[in-house]
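Some notes on the structure that comes next.
Quick caveat, the model's predicted, so the values are computed rather than measured. Letters A, B, ... are given to chains in the order of the sequence lines, protein chains preceding strands, and every chain is numbered from 1. Atoms considered below: every heavy atom in the structure, side chains included; atoms not considered: hydrogens, waters and symmetry mates.
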Amino acid sequence: MSSHVINYDLDPSKRVPLVAGNNDFKSVTDIICAPVEQPAPSWWWIATAASGSVLLLLLSMLGYLFWEGIGIWGLNNPVAWGFDIVNLVFWVGIGHAGTLISAILFLFRQKWRTSINRFSEAMTLFAVICALIFPAVHTGRPWVDYFLLPIPNSMAIWPNFRSPLLWDLFAFTTYFTVSLLFWYVGLIPDLATLRDRAKTKTRKVVYGLFALGWRGANRHWQNYEKAYMILAALAAPLVLSVHSIVSFDFATSQLPGWHTTIFPPYFVAGAVFSGFAMVISLMVIARELFGMKDLVTMYHLECMNKVILATGSIVGYAYGMEFFVAWYSGNEYEAFAFINRAFGPYAWAYWIMISCNVISPQFFWFKKLRTSIPVMFIISIFVNIGMWFERFVIVMTLHRDFLPSSWGYFRPTWVDLSTLVGSFGLFFTLFLLFLKFLPMVAMAEVKGVMPAANPHLGHHGEGH
Amino acid sequence: MRKKHSFGVVCEFQSAAILMKAATGLRDAGFTKFETYSPFPVHGMDDAMGLKHSKLGWIVLCGGITGLSGALLLQWWTSAVDYKLTISGKPFFSYQAFVPVSFECMVLFSAFCAVFGMLALNGLPKLYHPVFKYSRYHNATSHTFLISIDKNDPLYKEQETALLLQQLGGENLEVVED
């Protein structure tokens, strides 16, 4: 094959193959089922033990928090929002790539999504679980979280539906639920495959129960495909709404540096940017360890790197535009907020953000770099660091408000840092369990994009 | 009930293309109570089998309308009727501020209807089905394709139907009893 393939050729057989190597349906099933059916490799036990210990760190930090209250965090006046909201926005942003891949790329008929969508949807779910922890505990009193729900309580008071913090509750719970449903619907046919391949009674029963008796009948597939399409069509605006609503937490306030109309699109682009970077970080390792290089090919990785480049450039543009508008508005408080971000006490965080988010993705303009595994891995890590710092920089706008006498500086305590590190433990523990017990690539979907799946194959001249 | 579970003849096909041709052949021969099984959705099979469109869209539409109106009603009742809170002098029923929650509830209800509606239309969960008794069924969720013809089909005659399936490319034919 020549190195230059026109990938939008009307004849699908001339495009870059989505499944490499000499694979047929059976070998695809075998490759994908192997990690689930074979005994876990020793690295899996080591990794799970390690991330499990980090998860224990999270649990003990939460226990300490519930016992002691939020005084153990570095919050102060004026910085009343700290790591809790930074981590919330960071994790929920990570999740967005999964929904983008599963929903928006599906609607755009981007068939390369099939081998990475299961993986990234799992990432979405686990990232949203990590994110949800922070708003649930950020008052230090999780037992009064039910105040958020519109249920008649003893004070006869209702939640304030005009508050973006309440919108968040609805956005997150809807997002989590819809992502879970979407993921599960995608899993049903694959669980049926695992059920039918099961060698032991336990596996047969467990996978059989979760497969709900799926039998691959065309009358099933007909409704299934319709449901999948509708879920994609629902999830696409949903994912845009979720990070827009997250940005409303900031944008509907009166604070210079937060009160801007650019926030929703800028947050969504940033979310997709960080999420794709996380998919790259995880996928580069997983495809290596599980021998999935025929299914997740360099073409897939390159596509994702192009998305990182595009969204990274949007994020860079947004940073520039924020500065421009701050100056162009002629509002001195607005201008001060931005000059203070770049040159004030938190300049170190600002420049980490700029170098990780604006500069590092620009290397992906070069094909050689965006098709190099070590380069993309390093850049994806940088992007994740940068996107965490973006949220930190935005939240730290609080530290200098209108009155210099009330200026302050936020320093995270060891509890803040341990909770952040611990949330990674939760994320990776869930992810490792997923890799072991569920098929990490959507089998039915990958088979559907293989040339042999085309029922018109071999009918030359019929044209399709 | 007995009648519902009595089953018919099942056979295997080696590719999606042969399956498609066989389904078209059965449709043209006048069979209606037959089913094809494949490890992934085969495009064009609905037409080949002569199936009508899925009704799922209408179910989801009802769910979406319920979610949207329910959320608006809830917000109106709680904010403008039951316990009025004055917030920055804004109107009690400020529909602009109610857009996010209404939208999210619409999506949530629609998604529930899409998933549970799909399962209901498919008659799932249903952990037992006679086709599972076909000795080579376990390959049909991995790499082979099946056709089953129900005994209750008016055109079903065991010998002739079996012969027809074999002519259409079916292999490993078995008569499956419930």
Side-chain angles (χ1 to χ4, degrees), chain A residues 24-26 29 150 156-162 164 166-167 170-171 173-174 177-178 181-182 184-185 189 192-193 195-197 208-209 212-227 230-231 234 237-238 241 245 248 443-445 447-448 452-459, chain B residues 15-17 19-20 23 35-46 48-49 51 54 56-57 60 74-75 78-79 82-83 85 87 90 94 97-98 100-101 103-105 107-108 110-112 114-115 117-119 121-122 124-129 131-132 137-143 146:
Chain A
D24 55 17
F25 295 142
K26 177 150 176 43
T29 314
I157 205 169
W158 294 102
N160 173 19
F161 281 102
R162 280 162 288 179
L166 192 70
W167 304 346
F170 280 83
T173 47
T174 302
T177 315
V178 173
L181 290 173
F182 202 7
Y184 181 60
V185 165
T193 309
R195 169 199 68 199
D196 293 338
R197 287 169 60 96
L209 280 177
L212 306 175
W214 179 263
R215 40 185 199 274
N218 192 57
R219 284 183 177 82
H220 283 183
W221 282 121
Q222 192 195 18
N223 292 319
Y224 176 90
E225 284 207 287
K226 190 84 177 178
I230 291 172
L231 282 174
L234 291 169
L238 175 66
S241 83
I245 291 175
F248 291 160
M443 275 183 268
E445 290 188 46
K447 288 175 198 161
N454 183 351
H456 306 289
L457 194 78
H459 295 223
Chain B
S15 82
L19 182 79
M20 185 90 147
E35 185 59 275
T36 63
Y37 306 83
S38 52
F40 52 84
V42 178
H43 287 258
M45 188 54 89
D46 298 350
M49 287 175 67
L51 298 183
S54 169
L56 190 65
V60 175
L74 173 76
Q75 294 176 90
T78 56
S79 315
D82 191 44
Y83 199 112
L85 278 178
I87 302 206
K90 303 232 171 64
S94 40
F98 295 163
V101 171
F103 173 79
E104 300 299 330
C105 289
V107 169
L108 185 67
S110 308
F112 274 124
V115 175
M118 181 271 283
L119 292 176
L121 290 176
N122 285 348
L124 298 176
K126 177 180 177 168
L127 299 183
Y128 168 75
H129 191 270
V131 76
F132 293 147
Y137 175 79
H138 59 277
N139 287 334
T141 49
S142 166
H143 55 276
L146 308 180

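- Summarising the geometry of W221(A) relative to P39(B), their closest heavy-atom pair is CZ2-O, 3.5 Å, with the distance given to 0.1 Å.
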CA sep, side-chain torsions, deciding dist, call: Y184(A), V115(B), side-chain contact (heavy atoms from CB on, under 4.5 Å) = CA-CA 9 Å; Y184(A) 181 60; V115(B) 175; 5.5 Å; no

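- When heavy atoms are compared at a cutoff of 4.5 Å, L238(A) approaches chain B by way of both its backbone and its side chain.
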Step by step, would you call H220(A) with Y37(B) a side-chain contact (heavy atoms from CB on, under 4.5 Å)?
-> CA-CA 9 Å; H220(A) 283 183; Y37(B) 306 83; over 6 Å; no

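- Chosen from L146(B), V131(B), D82(B), the residue pairing most often with chain A at heavy-atom distances under 4.5 Å is D82(B).
- Remark: N223(A) CG to L121(B) CG distance equals 4.5 Å, nearest 0.5 Å.
- Side-chain contact between N218(A) and V42(B): absent, with no pair of heavy atoms (C-beta onward) separated by less than 4.5 Å.
- At distances below 3.5 Å, not a single donor-acceptor pair connects side-chain atoms of K126(B) with backbone N or O atoms of W214(A).
- For P164(A), no part sits under 4.5 Å from any heavy atom of chain B, backbone or side chain.
- With sequence neighbours left out, the side chain to side chain donor-acceptor pair (under 3.5 Å) criterion links R197(A) to D30(A), E37(A).
- Among residues two or more places apart in sequence or in another chain, the ring-ring contact (aromatic ring centres under 6.0 Å, His included) test is passed with F98(B) by F93(B).
- Residues E104(B) and I245(A) have side chains in contact (heavy-atom distance under 4.5 Å, counting atoms from C-beta outward).
- Only the side chain of M49(B) comes within contact range of chain A, with heavy atoms under 4.5 Å apart.
- Ranked by heavy-atom pairs under 4.5 Å with chain A, the first of L124(B), L127(B), L119(B) is L124(B).
- When each of S38(B), P41(B), S110(B), S15(B) is checked for heavy-atom pairs under 4.5 Å with chain A, P41(B) comes out on top.
- In terms of heavy-atom proximity, S94(B) sits nearest to R162(A) at OG-CD, 3.0 Å.
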Might you work through the side-chain contact (heavy atoms from CB on, under 4.5 Å) test for E225(A) and H43(B), ending with a clear yes or no?
-> CA-CA 10 Å; E225(A) 284 207 287; H43(B) 287 258; 3.5 Å; yes

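- Residue with the most contacts toward chain A among E35(B), M20(B), H138(B): E35(B) (heavy-atom pairs, distance under 4.5 Å).
- Atom CG in N160(A) sits 7.0 Å away from atom OG in S79(B) (nearest 0.5 Å).
- For the pair Y224(A)/M118(B), a side-chain contact is recorded, criterion being any heavy-atom separation below 4.5 Å from C-beta on.
- The structure places OG1 of T36(B) at 8.0 Å from CZ of R219(A), a figure rounded to the nearest 0.5 Å.
- Residues L74(B) and P150(A) form a side-chain contact, since some pair of their non-hydrogen atoms from C-beta on lies under 4.5 Å apart.
- Looking only at atom types and distance, the side chain of T141(B) has a donor-acceptor partner in the side chain of D196(A) under 3.5 Å away.
- If you measure heavy-atom distances from L234(A) to chain B, the contacts under 4.5 Å come from both the backbone and the side chain.
- For the pair S241(A) and F103(B), the minimum side-chain heavy-atom distance is below 4.5 Å.
- The six-membered or imidazole ring of F25(A) lies near that of F40(B), with a centre-to-centre distance under 6.0 Å.
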Determine, step by step, whether L85(B) and W158(A) satisfy the side-chain contact (heavy atoms from CB on, under 4.5 Å) criterion, reporting the C-alpha distance in whole Å, the side-chain angles of both residues, the deciding distance to 0.1 Å, and the verdict.
-> CA-CA 9 Å; L85(B) 278 178; W158(A) 294 102; over 6 Å; no

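- Scanning both residues, A114(B) and I230(A), for their nearest heavy atoms gives CB-CG2, 4.1 Å.
- If you tally non-hydrogen atom pairs under 4.5 Å between each of A171(A), P159(A), P189(A) and chain B, the highest count goes to A171(A).
- Expressed to the nearest 0.5 Å, how far CD1 of I157(A) lies from OG1 of T78(B) amounts to 11.0 Å.
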